[in-house]
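So that the names make sense, note that chain A is the first sequence line, chain B the second, and so on, each numbered from 1. Note that this is a predicted model, so its numbers are computed, not measured.
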2 protein chains.
Amino acid sequence: MSATESPSPSARAAAPAAVPAKTPATVPGTLSATAPGVARRLLALNLVRLRAQRGWSQEALAHESGLHRTFIAHVERQVRNASIDNVERLADALGVSVAAMFQPPPDPPAG
Amino acid sequence: MSATESPSPSARAAAPAAVPAKTPATVPGTLSATAPGVARRLLALNLVRLRAQRGWSQEALAHESGLHRTFIAHVERQVRNASIDNVERLADALGVSVAAMFQPPPDPPAG
DNA sequence: TTGTAGACTAGCGTCGACA
DNA sequence: CTGTCGACGCTAGTCTACA
């Protein structure tokens, strides 16, 4: 035990943020810092972008990643929630890191 | 849809990397760029690190992420492959971006 | 507090076929 | 080439309980 040398017996209860706010920054009218499904979208965006950048077809990517053609199509359409194990496989097939799949796309020059 | 204006009818067949190598950089004695399960490990490492950094218990993190206690424990032990939807939830609970969960941990100075 | 086991449900991921 | 439906297996994810 002694996970953290907490001065108090009930560490969690005595912790400064003992009771973490359930709705911290959910200001009415303000979107959450991280919207639900942002990962799915980022993954899809980067997936389509990287794939098109290489001139690969969904079938080719599916073949490279060892996944099925239909699955690739679903992920790109955000109708399917892939697991990290498959996301890594996709990233490996594209030659990028898993973190890159969730990296925000390079904002295009406005002018 | 003209994905790529390939001069040849069989775009894929005529594509530059028409036949992508199945084992491209698997040089004998050289480890692959991305080892299998690296995402699972990175996720677990960052998860434990960020959680301990906040002095949160698995139960607290589970409560914050809205997931179950057992699931958190399994992910940290890498015995479970989480989906991006849940990874995002974990990242949100920790106040970090999904990409941060797969970011390589700050390697400590060797000496 | 954390790890693990067992049982259960829900959804992922595959396959084949069509538009 | 890409999107989608139907069916199917497998595992992610939940819950209870014990060490």
Side-chain angles (χ1 to χ4, degrees), chain A residues 1-15 18 20 36-37 39-40 43-45 47-90 93, chain B residues 1-15 17-18 20 36-37 39-40 43-45 47-90 93 101:
Chain A
M1 313 352 191
S2 72
T4 52
E5 13 180 84
S6 319
S8 312
S10 2
R12 191 155 138 278
R40 252 177 290 175
L43 177 63
L45 261 53
L47 197 60
V48 175
R49 181 165 304 200
L50 290 168
R51 184 178 58 89
Q53 187 173 353
R54 292 169 174 272
W56 287 4
S57 60
Q58 288 185 349
E59 184 181 351
L61 179 58
H63 191 68
E64 277 297 285
S65 58
L67 297 171
H68 208 263
R69 225 205 80 240
T70 58
F71 180 61
I72 308 290
H74 285 148
V75 173
E76 291 193 356
R77 297 297 290 180
Q78 307 175 30
V79 297
R80 217 66 161 183
N81 185 19
S83 58
I84 55 174
D85 194 56
N86 284 337
V87 172
E88 179 186 6
R89 197 172 298 190
L90 259 31
Chain B
M1 291 85 149
S2 47
T4 50
E5 343 175 8
S6 314
S8 309
S10 347
R12 187 156 143 276
R40 257 177 289 176
L43 177 62
L45 261 51
L47 197 60
V48 176
R49 180 163 305 199
L50 290 167
R51 187 187 53 121
Q53 188 174 352
R54 292 169 172 270
W56 287 4
S57 61
Q58 289 186 347
E59 185 181 351
L61 179 57
H63 191 70
E64 278 297 288
S65 58
L67 297 170
H68 209 263
R69 220 208 83 236
T70 58
F71 181 61
I72 307 289
H74 284 146
V75 173
E76 290 194 356
R77 299 295 291 181
Q78 306 177 32
V79 297
R80 218 65 164 184
N81 186 18
S83 57
I84 53 174
D85 195 55
N86 284 338
V87 172
E88 180 187 7
R89 197 173 299 191
L90 260 30
M101 301 299 284

Legend entry - Close side-chain approach of B:S65 and B:I72, heavy atoms under 4.5 Å: yes
Legend entry - Per A:R77 side chain, nearest of listed nucleotides D:dG13, D:dG3, D:dT16: D:dG3
Legend entry - Closest listed nucleotide, where the reference is the side chain of A:A73 and the choices are D:dG3, D:dC1, C:dA5: D:dG3
Inset, instruction - May I have the distance from A:H74 (atom NE2) to C:dG16 (atom C1'), rounded to whole angstrom? - result: 13 Å
Inset, instruction - Starting at atom CG of A:L61, determine the distance to atom P of D:dC1, rounded to an integer number of angstrom. - result: 13 Å
Legend entry - Separation of atom CH2 in B:W56 from atom P in C:dT2, rounded to whole Å: 13 Å
Inset, instruction - Just call it for B:R69: base, sugar-phosphate, or nothing, with non-hydrogen atoms closer than 4.0 Å on any strand. - result: base
Legend entry - Interatomic distance where CD1 belongs to B:I84 and P belongs to D:dA12 [whole Å]: 15 Å
Inset, instruction - Check whether any side-chain N or O of A:S83 sits under 4.0 Å from OP1 or OP2 of C:dG13, and answer yes or no. - result: yes
Legend entry - Distance, rounded to the nearest Å, where B:N81 contributes CG and D:dC10 contributes P: 17 Å
Legend entry - Distance test, side-chain N/O of A:N86 to OP1/OP2 of C:dC12, below 4.0 Å: no
Inset, instruction - Decide yes or no, distance alone: a donor-acceptor N/O pair under 3.5 angstrom between the base of C:dG13 and the side-chain of A:R80. - result: yes
Inset, instruction - Using atom types as modelled and distance alone, determine if a side-chain donor or acceptor of B:D85 lies under 3.5 Å from a backbone N or O of A:N81. - result: no
Legend entry - Any A:H68 side-chain N or O less than 4.0 Å from OP1/OP2 of C:dG13: no
Legend entry - B:E76 CD - D:dA12 C1' separation (whole Å): 17 Å
Inset, instruction - Select base, sugar-phosphate, or nothing to describe what A:R51 touches, counting heavy atoms under 4.0 Å on all strands. - result: sugar-phosphate
Inset, instruction - Measure the distance from CD on B:Q58 to P on C:dT4 and round it to the nearest whole Å. - result: 10 Å
Legend entry - Among D:dA17, C:dC15, C:dT2, the nucleotide that comes nearest once only the side chain of A:T70 is considered: C:dC15
Inset, instruction - Please round to the nearest 0.5 Å and tell me the distance separating atom CZ of B:R80 and atom CD1 of A:I84. - result: 12.0 Å
Legend entry - Minimum side-chain heavy-atom gap A:L50-A:Q53 below 4.5 Å: yes
Inset, instruction - Find the distance between CZ (A:R51) and CG (A:L90) and round it off to the nearest 0.5 Å. - result: 10.5 Å
Legend entry - Listed nucleotide nearest any side-chain atom of B:F71, set C:dT2, D:dT14, C:dG13: D:dT14
Inset, instruction - Just compare C:dT14, C:dT1, D:dT2 and give me whichever is closest to any side-chain atom of A:L67. - result: C:dT14
Inset, instruction - Send over the distance from A:I72 CD1 to C:dT14 C1', rounded to a whole Å. - result: 12 Å
